[in-house]
Amino acid sequence: MSYILKRLGRSALTVFVVVSASFGLVRLLPGGPLDYLRAQMIQQGGGDLSAAEINRRIAAQTNIAVDEPVYVQYVDYMTSIVQGDFGRSIWYEEPVASVIGPAIPWTVFLTASALFLTFTVGVSLGAFMAYKEGSTFDVTSTGVGLVLNSTPSYVVALLLIAFLGYQFQLFPTGGRYASELTPGLNVPFLASVLYHGMLPILSMAVVGFGGWALSMRGNSIRVLGEDYLRVARLRGLPTRRIAIRYVARNAILPMYTGLMIAIGTVFGGAVIIENIFAYPGVGFYLIQAINARDYPLMMGGFILITVAMVVGITIADLTYGWLDPRASGGESREAY
Amino acid sequence: MDGSTRGPAEVSPVKRTDDTELSDERDPLVDAVDADADTDVDPDERAITGRACEEPVATDGGTAASEFDAVADASLTDTERRRQWVEESLLAPARIVWDDWRARTGLVIVSLYLLMGTVGPLVVAKPSTNQGPLLVGAFRSLSYPLGTTLSGTSILSQIVHATPSMLIMIASGAVFTVVLGTTLGTLAGYKGGRIDSALMTVSDVMMTIPGLPLTIVLAAALQIEGNPAVIGVLITVNAWAGLARAIRSQVLTLRDAEYVEASRIMGMDTSTIVVGDIVPNLMPYITMNFVQQARAVIFGSVGLYFLGVLPYNNVNWGVMMNAAVNRAGATSSVAAFHWLLLPMVTIIVLGLGLTLLAQGADRIFNPRVRARHAETVGGGDGEDDSTATTGGL
């Protein structure tokens with residue numbers, strides 16, 4: 001129980017640090033976003049705007065009241081973020097939350113499907129390769145896995161969109177679903193969502209499962225050489241039970257930390273993938289914001305991506321504590 | 001003594017030395033016994049008891065006065081020891097690398113890229129516009145082997161001239177991550193207690209921040225210049241956290257090992273123990289991570305250059321891809337596809353080389369694989385490598 005509380009506290013701390021850092025980046029850097037906004041407004045207003053008016057507009061857009069002392073600005077900024085107010089997007093002229101909010105589920109849909117696909121396919125493939133160690137299947141899969149593991153997801157994305165998207169016109173090259181459909185729980189809409197999400201998910205999944213398969217293969221082979229496995233065999237346990245309870249469990253556990261890092265990689269990679277497929281997720285807006293120098297949108301997008309990732313990692317971490325009881329205890333080591 | 005049951009021929013030199021403590025010349029009592037023996041015992045019997053007929057004291061060389069001074073038959077001279085060290089730590093790894101096709105391929109690929117980054121720019125002409133006709137396909141003409149871009153720039157010269165800055169970027173990012181991750185990870189794992197929880201809280205926080213978006217935001221807010229070394233660090237800005245965590249958990253299994261405990265009891269300070277006992281055991285893991293980080297830097301930087309969100313002051317593989325897609329629509333036009341494809345192939349091949357090298361590094365440090373090769377070296381300490389027997393299962 002205290003482990004769970006501690007873990008949740010840590011996640012909250014992460015979000016707090018990221019939001020504070022975003023305040024620091026926007027507010028404190030000389031020649032940074034705030035100065036840029038001011039210069040832009042003076043230019044737009046043609047000198048008609050008073051200093052107070054400019055400050056008021058900046059405050060409306062970034063949640064930072066420039067004429068207040070720094071700590072007041074900080075507290076104001078943090079409170080408004082907690083209330084879900086990320087400022088106003090300059091480019092879309094809408095609140096940031098209403099631009100990015102609807103995009104979050106789409107990004108989560110892409111990343112979660114890709115992660116699930118790579119992990120399950122990779123782990124099963126790796127286990128199978130370990131059992132067939134040295135066979136043609138093992139050698140071929142290792143080779144394929146190596147090449148895939150050495151390919152960045154955006155390369156696959158570009159190849160997929162060039163061939164399946166433009167060349168053979170099999171898949172759409174942009175968007176989240178066909179525009180004539182009404183969103184909701186109806187079959188054509190869900191089918192269209194899958195159809196549009198297929199290439200982005202594939203490009204993230206294809207490059208991932210090679211790595212999972214290789215590390216699962218390595219772990220399984222290591223476990224297969226352990227003494228306790230020999231004992232299990234000598235006890236005459238059924239092969240199935242050995243495979244699942246002894247090999248799979250102990251081989252997957254060390255990969256769980258990798259899964260947490262993979263969540264980060266996939267979220268980061270999604271930023272590039274969403275832009276290649278013009279898929280309006282959080283990453284798509286993040287890059288748009290940077291190209292348009294829309295700082296409120298940029299910081300909002302960054303904070304929300306982080307929150308999504310923190311949630312994902314927290315879930316993974318809590319399930320790890322549940323899978324491996326050693327993780328939740330054992331903070332009582334002697335200090336040297 | 002079993003001397004009486006043996007014939008003189010069977011008496012071994014070792015047995016003789018057993019008697020030497022009795023026959024120390026400088027001991028008057030022993031001299032007396034010797035003198036006594038000389039008178040009473042006939043030559044044959046004296047041989048049986050281990051004494052030579054002519055001399056009162058018979059040891060191996062006649063010099064060792066006690067068995068503590070006796071030296072093993074097969075002693076190692078300094079040269080031999082040095083040769084063995086070279087065989088174990090240089091030749092065996094080299095042989096492992098060369099025997100394994102993966103490590104060999106990886107090494108060759110990475111060396112080729114290093115060559116391309118150092119010698120390449122001197123051999124291949126600098127890229128400039130209108131070097132040749134526009135959008136020549138790859139492998140069509142000898143003067144532009146990889147074709148040209150929309151503005152007539154040779155793709156080969158672009159790829160080659162992008163290599164040096166990419167290599168700097170890769171090196172700086174990988175060094176930054178590995179040094180920081182290893183230092184903090186070993187410190188946290190070994191020290192434990194408050195330092196551990198403080199460092200791990202920091203790295204947990206850093207780890208849960210998505211890396212590429214963080215890089216993007218930092219690059220946009222900091223207005224940095226296109227210095228490749230800085231970009232390399234920026235790309236891996238929080239990658240150290242994951243490595244520190246992994247290293248820490250490895251250190252936790254090592255910190256209570258007998259030899260570490262022995263060093264601790266002997267009163268060695270923490271830095272000596274960490275550097276001497278712990279880090280060498282982590283070298284395989286660290287090397288592997290260095291190579292993997294290098295790969296991550298390439299993938300990340302090219303991806304972000306492709307999106308056009310990083311500053312640059314030189315041509316670059318990612319910038320080439322960006323130009324190919326945005327200026328020539330390379331994803332939808334066949335005529336410009338080679339412009340996009342070639343930088344991608346460049347990245348994949350380098351990535352593959354690094355992956356293979358990482359696997360090779362794993363094999364060099366893997367005791368089972370080492371054992372197999374140390375046996376071929378010959379004369380090495382075979383006992384250390386007895387783990388090889390468990391390798392079969």
Side-chain angles (χ1 to χ4, degrees), chain A residues 10-11 13-14 17-18 22 25-26 29 31-33 146-147 149-155 158-159 161-162 165-167 173 218 224-225 227 229-230 257 260-261 264-265 267-269 271-272 275-276 283 286-287 290-291 293 295 298-299 301-302 305-306 309-310 313-314 331 333-336, chain B residues 102 190-197 201 204-205 207-214 216-218 220-223 242 245-246 249 252 255 264 270 295 298-300 302-304 306-309 321 325 330-332 334 337 340 344 347-356 359 390-393:
Chain A
R10 206 169 261 175
S11 305
L13 179 69
T14 308
V17 166
V18 167
S22 74
L25 279 178
V26 174
L29 287 173
L146 273 177
V147 174
N149 199 25
S150 323
T151 312
S153 58
Y154 51 83
V155 166
L158 285 169
L159 292 176
I161 200 172
Y166 288 105
Q167 201 70 31
T173 56
L224 283 172
D227 288 343
L229 208 79
R230 202 176 287 184
T257 352
M260 285 171 224
I261 295 173
T265 319
F267 264 95
V271 174
I272 304 176
N275 275 278
I276 291 175
L286 182 68
I287 301 299
I290 282 171
N291 289 338
R293 283 183 159 257
Y295 288 107
M298 175 181 95
M299 296 324 294
F302 176 57
I305 288 187
T306 310
M309 195 173 134
V310 167
I313 288 188
T314 310
E331 288 296 322
R333 273 182 312 277
E334 188 185 355
Y336 298 135
Chain B
R102 293 180 206 171
Y190 183 73
K191 281 299 228 182
R194 237 178 246 169
I195 294 182
D196 183 23
S197 36
T201 310
D204 273 352
V205 168
M207 219 169 92
T208 21
I209 301 174
L212 283 189
L214 179 64
I216 295 172
V217 167
L218 283 178
L222 295 177
Q223 302 292 343
R245 256 232 167 269
S249 52
L252 285 185
R255 79 200 287 260
R264 204 155 42 230
T270 306
R295 211 184 57 193
I298 304 169
F299 289 3
V302 171
L304 295 188
F306 168 68
L307 286 184
V309 293
M321 288 164 61
V325 171
T331 42
S332 51
V334 182
F337 190 65
L340 174 66
M344 296 202 302
I347 301 160
I348 295 178
V349 173
L350 180 53
L352 188 64
L354 289 170
T355 313
L356 293 171
Q359 291 210 335
T390 56
L393 233 175

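Numbered from 1 within each chain, the chains take letters A, B, ... in sequence-line order. Here the structure is a predicted model, which is why all the values come from computation and not from measurement.
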Novice: How long is the gap from OG on A/S150 to CD1 on B/I347, to the nearest 0.5 Å?
Specialist: 12.5 Å
Novice: Once rounded to the nearest 0.5 Å, what's the spacing between atom CE of B/M321 and atom CD1 of A/I276?
Specialist: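 It comes to 7.0 Å.
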Novice: Please classify the contact between A/V147 and chain B as side chain, backbone, both or neither, with a heavy-atom cut-off of under 4.5 Å.
Specialist: both
Novice: Do B/P213 and A/L286 make a side-chain contact, defined as non-hydrogen atoms from C-beta onward lying under 4.5 Å apart?
Specialist: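 Yes - at least one pair of side-chain heavy atoms lies under 4.5 Å apart.
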Novice: Hey, what do you get for CG (A/L159) to CE (B/M344), rounding to the nearest 0.5 Å?
Specialist: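 Answer rounded to 0.5 Å: 4.0 Å.
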Novice: May I ask you to name which of A/I161, A/N291, A/L146 has the most heavy-atom pairs under 4.5 Å with chain B?
Specialist: A/L146
Novice: Which one wins on heavy-atom pair count under 4.5 Å against chain B: A/T314, A/N149, A/V17?
Specialist: A/N149
Novice: Look up atom CE in A/M309 and atom CE in B/M207, then write down how far apart they are to the nearest 0.5 Å.
Specialist: 8.0 Å
Novice: Check whether A/I287 gets within reach of chain B through its side chain, its backbone, both or neither, counting any heavy atom under 4.5 Å.
Specialist: side chain
Novice: Taking the side chain from A/Y154 and the backbone from B/L307, do they hold a donor-acceptor pair closer than 3.5 Å?
Specialist: no
Novice: Please flag which part of B/V349 lies under 4.5 Å from any non-hydrogen atom of chain A: side chain, backbone, both or neither.
Specialist: neither
Novice: Side chain from CB out, backbone as N, CA, C, O: work out which of these in A/I272 comes under 4.5 Å of a heavy atom of chain B, or both, or neither.
Specialist: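 Both backbone and side chain.
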Novice: Please determine whether side-chain contact (heavy atoms from CB on, under 4.5 Å) holds for the pair A/T151 and B/F299, giving the CA-CA distance in whole Å, both sets of side-chain angles, and the decisive distance to 0.1 Å.
Specialist: CA-CA 8 Å; A/T151 312; B/F299 289 3; 5.8 Å; no
Novice: Considering only heavy atoms and a distance below 4.5 Å, find which of A/T14, A/N275, A/T306, A/I313 pairs most often with chain B.
Specialist: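 When all of A/T14, A/N275, A/T306, A/I313 are compared, A/T14 has the most.
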Novice: Non-hydrogen atoms of chain A under 4.5 Å away: do they reach the side chain of B/L356, the backbone, both or neither?
Specialist: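 Answer is side chain: those atoms of B/L356 sit under 4.5 Å from chain A.
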Novice: For the interface with chain A, which of B/I195, B/L350, B/I209, B/T201 has the highest count of heavy-atom pairs at distances below 4.5 Å?
Specialist: B/I209
Novice: Pick from B/V309, B/L212, B/L304, B/I216: which one makes a side chain to side chain contact (heavy atoms under 4.5 Å, CB included) with A/V271?
Specialist: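 Filter result, single survivor: B/I216.
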